[in-house]
Protein chains: 2
Amino acid sequence: MQDPSEEAPARWESLPSWLLTQTASHAHRLVTEGFSSVGARGYHYRLLATLERFGPASQAALGRRSGIHLSDMVATINELADRDLVERAPDPADRRRNIISLTAAGKRQLRRLEKRLAECQDALLAPLSPGERQRLTELLSRLLDHHNRRTGTPEEPWRGPGSARAPSR
Amino acid sequence: MQDPSEEAPARWESLPSWLLTQTASHAHRLVTEGFSSVGARGYHYRLLATLERFGPASQAALGRRSGIHLSDMVATINELADRDLVERAPDPADRRRNIISLTAAGKRQLRRLEKRLAECQDALLAPLSPGERQRLTELLSRLLDHHNRRTGTPEEPWRGPGSARAPSR
DNA sequence: CCAAAATCGTTGGTGCGTCCAACGGTTGGT
DNA sequence: ACCAACCGTTGGACGCACCAACGATTTTGG
């Protein structure tokens, strides 16, 4: 979008879905700008953060944990590997797999991205008081939770106390 | 996204920008599904609604009022015109322009889309009480307003009481 | 033990929304 | 008569999310 203007408030502009997607688009813009100022994009951050949180893993596992589609992991890892922010090495134990790990440079990049991200949150919520920010966060969490439950995200049907996946025989 | 799962709440999942964009993506999904069930998409609705609100106009004017980029107006109008939901006629008074107008079928389609849209709002906000819905809407409006002010949207710099554009020299 | 099923990485393509650059045709101010 | 501004159109781009299909490999269950 670029220019509603004309001092004309169209009908749809007060719909929650519109408010949500438009505000989100501002949020996205802020974050994208912040990231691109250090040559990164959203997927890069998510992948780096996932790597730091869970440690080295195969591309498929990273995809599951970060919510990035397998198809998109390839390009994302390529881009990060080209800049030596992650390392892609074959898994000796399973020749189908690559093991992706975070490099020192990758960790530094992650720190930068987190910094930007924090600044973005502040810019995003600028007009709200701390209390209002909290309430907004709470409401959004509830909504997100609700819709995640009833859409795909459930996943991981069962996997009782027994450690890693080793369902049956 | 498709499957965070793994019962692992990643760091970024509590950031307002994340909550916002993810919730928005659910909203967008709901709306898109609702629209596509009658063979339409977001731009179609916005264009039809703009037409009904302001009456027939040139593509450029519609673009400004609906916030749809001129480049995208072309395809949008093509799609709607192919289905006889709008009519594209040359403006006799200005041969650069096309005058786009809503047909009776277009109006009916708009009614259908509005119906879907209303259902979507309800599905979207399902877990919230009326009061909470109101508060969410209010908070989002404030945010959107804030960011619209400081981003492009201002537009229409001046255009004093003097009717149409006739700035300087 | 071996064949069928499942997984992994990869390529290439889809869709939506948003935006940009460039073009030729038209108009209007001077 | 000129040139600036506007109009519609085309073709491209990007980010995010997804799907289908493939070869290579591993796991499985009969």
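Everything numeric in this text was worked out from a predicted model, so none of it was measured.
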Interatomic distance where CG belongs to A/Asp72 and P belongs to C/dT14 [whole Å]: 15 Å
- prompt: Looking only at atom types and distance, does a side-chain atom of A/Thr103 sit under 3.5 Å from a main-chain N or O of A/Asp84, one as donor and one as acceptor?
  reply: yes
- request: With the side chain of B/Arg97 defined as its heavy atoms from C-beta on, choose the nearest nucleotide among C/dT11, C/dG17, D/dG8.
  value: D/dG8
message: Quick check on D/dA24: is either OP1 or OP2 less than 4.0 Å from any side-chain nitrogen or oxygen of A/Arg95?
response: no
- request: May I have the distance from B/Arg64 (atom CZ) to D/dG8 (atom C1'), rounded to whole angstrom?
  value: 12 Å
message: Can you tell me if B/His28 touches the phosphate of C/dG17, counting only side-chain N or O atoms and a distance under 4.0 Å to OP1 or OP2?
response: yes
- prompt: Does the distance from a Lys or Arg side-chain N to an Asp or Glu carboxylate O, for A/Arg142 and A/Asp145, drop under 4.0 Å?
  reply: no
- prompt: Are A/Arg65 and A/Phe54 in a cation-pi contact, defined as NZ or CZ under 6.0 Å from the six-membered ring centre and within 45° of the axis?
  reply: yes
Closest listed nucleotide, where the reference is the side chain of A/Ala60 and the choices are C/dC8, D/dC7, D/dA20: C/dC8
query: Which residue, A/Ile99 or A/Ser25, contacts DNA chain C at a nucleotide closer to its 5' end, judged by nearest heavy atom?
result: A/Ile99
statement: Here the distance between atom C1' of D/dA13 and atom CZ of A/Arg41, to the nearest Å, is 14 Å
query: Checking all strands, does B/Ser58 fall into the base, sugar-phosphate, or nothing category for heavy-atom contacts under 4.0 angstrom?
result: sugar-phosphate
message: Taking the nucleotide of DNA chain D with the nearest heavy atom to each, does A/Ala40 or A/Asp94 sit closer to the 5' end?
response: A/Ala40
query: With respect to the side chain of A/Arg96, which nucleotide from D/dT10, D/dT27, C/dT27 is positioned closest?
result: D/dT27
message: Please report the distance, rounded to the nearest Å, between CG in A/Leu70 and C1' in D/dA21.
response: 14 Å
Distance in angstrom units between A/Ile77 CD1 and C/dG9 P, rounded: 8 Å
task: To the nearest Å, give me how far apart CZ (B/Arg88) and P (D/dC7) are.
output: 15 Å
task: Consider the side chain of A/Gln59, meaning its heavy atoms from C-beta on, and name the nucleotide among C/dC16, D/dG8, C/dT10 that approaches it most closely.
output: C/dT10
message: Between A/Arg111 and A/Glu114, does any NZ, NE, NH1 or NH2 come within less than 4.0 Å of an OD or OE carboxylate oxygen?
response: yes
- prompt: Salt bridge between B/Arg83 and B/Glu79, side-chain N to carboxylate O under 4.0 Å?
  reply: no
- prompt: How close or far is atom C1' of D/dC7 from atom CZ of B/Arg65, stated in whole angstroms?
  reply: 15 Å
message: Using a distance-only criterion (donor-acceptor N/O pair, under 3.5 Å, no hydrogens), is the base of D/dC19 paired with the side chain of A/Ser71?
response: yes
- prompt: Counting any heavy atom closer than 4.0 Å, what does A/Asn98 reach on the DNA or RNA strands: base, sugar-phosphate only, or nothing?
  reply: sugar-phosphate
task: Would you please say whether a donor-acceptor pair under 3.5 Å links the side chains of A/Gln59 and A/Arg88?
output: yes
- prompt: If only side-chain N and O atoms of A/Arg46 are considered, is one of them under 4.0 Å from the OP1 or OP2 phosphate oxygen of D/dG15?
  reply: no
task: Take atom NE2 of A/His69 and atom P of C/dG12, then tell me their distance rounded to the nearest Å.
output: 16 Å
field: Sugar-phosphate, base or nothing in reach of B/Arg29, heavy atoms under 4.0 Å
entry: nothing
